[in-house]
Amino acid sequence: MESTSALAVESAATTQSARRVMPSLVDLVFILLAIGVPALMAIPLLNSDGDLARHLRVGGMILDKHGLFFRDSLSFTMFGKPFVPYEWLSEVLFAAANRVGGLPAVAILAGLVIAATYALVVAFLRGRGLDPLLAVVVGLVAAAASSIHWLARPHLFSSLGCVLLLFLLEGRPGRKVWLIAPLFVVWGNLHGGFVFGLAIIVAYVAGDVAEAVRGGDVEWPQRARTHGFALLLGTVGACLNPAGLSVIRHVSTYLGDRLLSAHADMQTTDFQSPDFHRTSLQVFLIALLIVVAGLALSRRRPSYPHLLLLLMTTAFALYAARNIELFAVTALPVMALDLEPLWLDLTRWAHRLRLAVAVGEQHSRPGAWALAASVALLLIAATHGTVLGQPVTTARFDPATFPVNAVA
């Protein structure tokens with residue numbers, strides 16, 4: 001009997017150990033996107049506009065010179081004019097990837113950034129105690145809505161920065177606020193989208209103040225002070241770049257250029273308002289309608305910081321299609337936090353499915369599978385996107401889009 005009991009205990013321990021190496025939902029979302037983007041979407045990722053070639057050229061010049069340059073030497077009309085290197089770090093990363101493994105490595109790098117962004121959306125929601133099934137649904141919907149703007153360009157790092165910022169702004173006031181500074185130091189050198197990150201903090205500060213004035217929880221005044229300090233840290237951190245304070249003026253001037261948004265015949269369609277007749281944009285429309293319906297049906301209102309974030313990102317997304325991605329990685333996750341009780345009530349019929357997903361999460365070890373996939377993909381990138389000599393990605397500049405033969 002004792003021998004049988006010992007075997008049973010050992011078997012249970014072995015089963016438990018085996019379950020602990022199961023991939024988590026975060027891992028599954030990461031692996032799906034990290035592999036799927038460079039394998040299936042390489043052509044649109046690299047060829048949807050001409051910006052990638054410019055970024056590779058600028059990054060290559062910085063690597064060759066072992067330093068930055070502040071005078072334009074790439075264009076005819078602006079030759080010799082001041083050049084603001086506000087995306088220099090991301091350009092160096094893309095150029096370095098290109099030198100190591102060519103365009104396949106660039107596609108894999110972009111895929112890893114995209115995968116990290118939406119896997120972290122799921123991780124953020126799980127960390128806040130959200131229903132696992134809802135967390136993965138929100139992560140996948142956010143990815144689907146954002147996919148119209150998945151291009152191998154520096155803006156990918158801003159989407160990642162937005163999700164990391166949510167980790168620091170949510171939760172107990174004051175916790176991890178000091179990490180705002182290094183986040184914006186890196187973000188301010190990767191892409192001008194750090195300005196949107198500052199706008200997110202402003203929305204939180206205004207929402208905190210509104211809650212405090214309304215007479216809400218005693219924590220709201222403390223949150224307002226903490227987020228106000230975070231805004232200061234973020235602004236100072238973003239200005240720690242080669243261009244200094246002028247980077248904020250440069251980015252703001254660029255985003256406010258009406259020439260880019262007023263002419264649909266120019267190659268600036270992502271500055272236009274979304275055309276919901278396009279199938280690719282209807283995911284955003286459906287997600288927005290679901291959020292509106294959820295707010296109407298929910299018995300509790302969202303907090304003012306979350307409501308202001310929703311209103312701000314919705315306005316940005318309706319003004320320019322390029323901002324849909326920002327809505328997807330910020331407003332959707334925080335609305336999921338507020339609307340979870342409604343979700344649980346409406347999906348009582350799926351209780352067993354939710355339970356099965358939750359049990360699976362308990363027996364997983366988040367991160368291990370994502371790390372292994374990242375290492376494997378980096379090795380593939382170093383071999384120019386091949387496995388045993390066979391290409392696994394079609395990453396290239398398309399001769400039907402660009403004058404590849406003429407340049408050669």
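Values reported hereafter were calculated over all heavy atoms of this structure, with side chains retained and with hydrogens, waters and symmetry mates removed. Predicted, not measured: the structure shown is a model, and the values here were computed from it. For reference, positions follow the sequence shown, starting with 1.
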Query raised in the report: Given the rule in the side chain to side chain contact (heavy atoms under 4.5 Å, CB included) test, do Tyr304 and Tyr204 qualify, once you have shown the distances and angles that lead to the verdict?
Result: CA-CA 8 Å; Tyr304 284 142; Tyr204 270 76; over 6 Å; no
Report task. Evaluate the ring planes of Phe83 and Phe69, with Trp represented by its six-membered ring, and classify them as parallel (under 30°), tilted (30 to 60°) or perpendicular (over 60°). Result -> parallel
Query raised in the report: How far apart are the C-alpha atoms of Asp64 and Arg99, what are their side-chain angles, what is the distance that settles it, and do they pass the salt bridge (Lys or Arg N to Asp or Glu O under 4.0 Å) test?
Result: CA-CA 12 Å; Asp64 291 336; Arg99 292 190 175 187; 2.9 Å; yes
Report task. Would you kindly say whether Glu170 and His306 are connected by a side-chain donor-acceptor distance under 3.5 Å? Result -> yes
Report summary line: Output for pair (Leu28 CG, Leu33 CG), nearest 0.5 Å, gives 11.0 Å
Query raised in the report: Taking the six-membered ring for Trp, are the ring centroids of Phe167 and Phe124 within less than 6.0 Å of each other?
Result: yes
Requested in this report: Please check if the distance between the ring centroids of Phe94 and His55 is under 6.0 Å.
Outcome: no
Query - Distance in Å, Asp338 CG paired with Arg300 CZ, rounded so as to fall on 0.5 Å steps - result: 6.0 Å
Query raised in the report: Any side-chain donor paired with an acceptor under 3.5 Å for Tyr118 and Ser146?
Result: yes
Report task. Would you kindly say whether Ser90 and His191 are connected by a side-chain donor-acceptor distance under 3.5 Å? Result -> no
Query raised in the report: Is the shortest side-chain N to carboxylate O distance from Asp49 to Arg54 below 4.0 Å?
Result: no
Report summary line: Residues Ser303 and Glu211: closest non-hydrogen pair is CA-OE2, 3.5 Å
Query raised in the report: More than 12 non-hydrogen atoms from neighbouring residues, nucleotides or ligands closer than 6.0 Å to CZ on Arg57, yes or no?
Result: no
Query raised in the report: Does the side chain of Leu295 reach to within under 4.5 Å of the side chain of Leu310, using non-hydrogen atoms?
Result: yes
Query - Least distance between heavy atoms, Ala34 atom then Ala115 atom - result: N-CB, 3.5 Å
Report task. Measure the spacing between OG1 of Thr330 and CD of Glu325 and express it to the nearest 0.5 Å. Result -> 10.5 Å
Query raised in the report: What pair of heavy atoms forms the shortest contact from Pro274 to Ala317, and how long is it?
Result: CD-O, 3.3 Å
Requested in this report: State whether a side-chain donor-acceptor pair under 3.5 Å links Ser24 with Arg365.
Outcome: no
Query - Asn323 vs Phe327, side chain to side chain contact (heavy atoms under 4.5 Å, CB included): CA-CA, chis, key distance, verdict - result: CA-CA 7 Å; Asn323 296 325; Phe327 168 90; over 6 Å; no
Requested in this report: List the steps and the verdict of side chain to side chain contact (heavy atoms under 4.5 Å, CB included) for Met312 and Phe196.
Outcome: CA-CA 10 Å; Met312 180 181 71; Phe196 179 74; 4.0 Å; yes
Query raised in the report: How far apart are the closest heavy atoms of Trp187 and Ser158, and which atoms are they?
Result: NE1-OG, 2.9 Å
Query raised in the report: Would the number of heavy atoms belonging to other residues, nucleotides or ligands and lying under 6.0 Å from CG of Leu355 be above 12?
Result: yes
Query raised in the report: Just checking, Arg153 and Phe157: is the charged tip under 6.0 Å from the six-membered ring centre and within 45° of the axis?
Result: no
Requested in this report: Return the minimal non-hydrogen interatomic distance between Val122 and Val29, and the atom names on each side.
Outcome: CG2-CG2, 4.0 Å
**Report entry** SB check Arg278 Asp275 (cutoff 4.0 Å)
**Finding:** no
Query - Rounded distance [0.5 Å steps], CG in Leu169 versus CG in Asp208 - result: 9.0 Å
Query raised in the report: How far does CD1 of Ile148 sit from OG1 of Thr279, to the nearest 0.5 angstrom?
Result: 12.0 Å
**Report entry** side chain to side chain contact (heavy atoms under 4.5 Å, CB included) against Phe402, all qualifying residues, sequence neighbours excluded
**Finding:** Asn47, Phe397, Val404
Requested in this report: Indicate whether any N or O donor in one side chain lies under 3.5 Å from an N or O acceptor in the other, for Gln272 and Tyr319.
Outcome: no
**Report entry** Heavy-atom neighbours of Arg348 CZ exceed 12 at 6.0 Å
**Finding:** no
Query raised in the report: Hey, is Arg354 close enough to Glu361 for a salt bridge, meaning N to O under 4.0 Å?
Result: no
Query raised in the report: Out of Ile114, Leu109, Leu112, which one pairs with Leu156 under the side-chain contact (heavy atoms from CB on, under 4.5 Å) rule?
Result: Ile114
Query - Enclosure of Trp369 CH2 (heavy-atom neighbours >12, cutoff 6.0 Å) - result: no
